[in-house]
Amino acid sequence: MINRLHEGDAREVIDQLEDNSVQLIITSPPYWGLRDYENHPNQLGQEETPHDYIDELILFFEKCKRVLKDDGVLFVNLADTYYGSNNGKGYQPKDNDKQVSNKGSGKSFLTYKDKSIRRKSLTGIPQRFMVKMIDHGWICRNEIIWKKNNVMPSAVKDRFTVEHENIYMFSKNEYYKFHQLKEKMKTKDTSNPRGSKGCSTPQSGRRHKCKQNKLYRNVRSVWEVNQQPLRIEHYATFPEKLATRMILCGSDEGDVVLDPFMGSGTTAKVAVRYNRNFIGIELVRRYIELEMERIDELFKET
Ligand SMILES: C[S@@+](CC[C@H](N)C(=O)[O-])C[C@H]1O[C@@H](n2cnc3c(N)ncnc32)[C@H](O)[C@@H]1O
């Protein structure tokens with residue numbers, strides 16, 4: 001199964017993976033009601049209610065628990081959906097679309113059968129999902145805000161433009177493989193940060209008096225990563241920089257990284273770049289072809 005792209009429904013293909021065989025899972029499942037992936041009858045994200053969608057995700061991630069090593073980590077990227085209808089055609093948050101140039105189908109599949117959520121309200125999918133995962137025994141270690149500085153301008157008049165998505169980091173156990181990542185301090189203030197006795201560089205780890213531009217700190221929970229325009233025909237990709245962060249903190253060279261909703265192959269490409277093994281699952285054959293092209297691109301780059 002390793003270093004292969006598997007065509008099929010992730011909910012079935014995952015049953016072929018061995019217990020405790022994957023170090024890291026990185027994935028962005030189809031969001032609820034937002035896109036049609038080639039009209040495929042088995043695609044996730046078109047359940048009648050947000051509750052059905054979340055239940056489906058929870059069942060799937062229970063399957064992931066079996067294949068994830070005891071010290072493994074799971075990252076899930078999810079965005080919310082505005083609830084309601086627009087003359088029965090659906091109500092889509094265009095500014096929350098993933099791709100810079102949004103050429104998606106624009107079609108909405110939402111039926112809004114659940115009347116307990118008011119029209120125009122955020123559905124609360126990421127937060128409902130996070131709480132349910134905790135209820136199912138996952139340890140939620142971080143809620144990360146992925147802040148995109150290059151979202152499309154929005155014409156909405158009665159709320160603010162959405163420029164973020166959520167990423168949740170879960171572990172199976174209290175102790176797990178995690179490499180702390182460091183980033184440059186963003187502050188112009190040269191005094192020591194509040195509560196610290198000094199600053200450290202990633203190289204030395206030694207404490208020293210803080211100097212502007214030489215300061216490093218742990219990566220924080222708001223990740224400013226711009227959408228990456230791609231020449232490929234897939235409308236819901238996440239940027240390589242995002243996958244890079246997750247792969248570097250959650251795995252070592254030689255480890256196995258799984259993406260069960262592989263899309264255009266971002267996770268596989270970054271895994272190969274950093275000498276990890278990958279397992280990719282994708283429902284739509286056409287996207288598997290894209291994935292292969294993207295991995296080939298990498299070999300041309302090197
Ligand atoms: C949000 S996209 C993933 C994008 C990916 N992170 C990337 O960077 O390209 C979700 C993908 O899940 C696929 N998908 C939908 N339902 C699926 C299922 N039941 N099993 C496997 N893949 C599925 C879709 O075809 C789509 O490519």
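Basis for what follows: all heavy atoms, side chains included, without hydrogens, waters or symmetry-related copies. Quantities reported herein were computed from a predicted structural model and do not represent experimental measurements. We count ligands from 1, going down the list as the structure has it; atoms in each ligand are counted the same way.
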Report task. Look only at interatomic distance and state if Phe261 has a nitrogen or oxygen under 3.5 Å from any nitrogen or oxygen of ligand 1. Result -> no
Requested in this report: Assess the side chains of Asp36 and Gln43: does a donor N or O sit below 3.5 Å from an acceptor N or O?
Outcome: yes
Query raised in the report: Heavy-atom distance to atom 24 (C) of ligand 1: which of Arg285, Gln46, Gln43, Glu282 wins?
Result: Glu282
Requested in this report: For ligand 1, indicate whether the residue Asn77 contacts it via side chain, backbone, both or neither (heavy-atom separation under 4.0 Å).
Outcome: neither
Donor-acceptor pairs under 3.5 angstrom involving side-chain atoms of residues 63-70: please list them, not counting sequence neighbours.
{"residue": "Lys63", "atom": "NZ", "partner": "Arg11", "partner atom": "O", "Å": "2.8"}
{"residue": "Lys63", "atom": "NZ", "partner": "Asp15", "partner atom": "OD1", "Å": "3.2"}
{"residue": "Lys63", "atom": "NZ", "partner": "Asp15", "partner atom": "OD2", "Å": "3.0"}
{"residue": "Lys65", "atom": "NZ", "partner": "Glu62", "partner atom": "OE2", "Å": "3.1"}
{"residue": "Lys65", "atom": "NZ", "partner": "His136", "partner atom": "O", "Å": "2.6"}
{"residue": "Arg66", "atom": "NH1", "partner": "Leu17", "partner atom": "O", "Å": "2.9"}
{"residue": "Arg66", "atom": "NH1", "partner": "Asp19", "partner atom": "OD1", "Å": "2.6"}
{"residue": "Arg66", "atom": "NH2", "partner": "Ile14", "partner atom": "O", "Å": "3.0"}
{"residue": "Arg66", "atom": "NH2", "partner": "Leu17", "partner atom": "O", "Å": "2.9"}
{"residue": "Asp70", "atom": "OD1", "partner": "Lys172", "partner atom": "NZ", "Å": "3.4"}

Report summary line: Judged by heavy atoms only, the candidate from Phe238, Tyr37, Phe60 nearest atom 2 (S) of ligand 1 is Tyr37
Query - Enumerated ligand 1 atoms positioned under 4.0 Å from heavy atoms of Ser264 - result: 7 (C), 8 (O), 9 (O)
Query - Side chain Glu47, main chain Gly45, donor-acceptor under 3.5 Å - result: yes
Query raised in the report: Do Lys148 and Glu163 sit within salt-bridge range, that is, some charged N less than 4.0 Å from a carboxylate O?
Result: no
**Report entry** Close approach of His40 to ligand 1, heavy atoms, under 4.0 angstrom
**Finding:** no
Report task. Return yes or no for this condition: an N or O of Leu44 is under 3.5 Å from an N or O of ligand 1. Result -> yes
**Report entry** Polar atom proximity, Thr237 to ligand 1 (N or O, under 3.5 Å)
**Finding:** no
Requested in this report: Give a yes or no on whether a salt bridge exists between Glu291 and Lys269, defined as a side-chain N under 4.0 angstrom from a carboxylate O.
Outcome: no
**Report entry** Option nearest atom 22 (N) of ligand 1 (shortest heavy-atom distance, choices Thr267, Thr27, Leu283)
**Finding:** Leu283
Report task. Decide, yes or no, whether a salt bridge links Glu240 with Arg273 under the criterion of side-chain N to carboxylate O below 4.0 Å. Result -> yes
Report task. Could you name each residue pair satisfying side-chain hydrogen bond (donor to acceptor under 3.5 Å, both in side chains) that touches residues 122-131, not counting sequence neighbours? Result -> none
Query raised in the report: Does some non-hydrogen atom of Pro239 fall short of 4.0 Å from ligand 1?
Result: no
Query raised in the report: Between the side chains of Glu48 and Tyr53, is a donor N or O closer than 3.5 angstrom to an acceptor N or O?
Result: no
Query - Check: Asp9 N/O within less than 3.5 Å of ligand 1 N/O - result: yes
Query raised in the report: Can a non-hydrogen atom of Ala243 be found less than 4.0 Å from any atom of ligand 1?
Result: no
Query raised in the report: Under 3.5 Å between some N or O of ligand 1 and some N or O of Tyr287?
Result: no
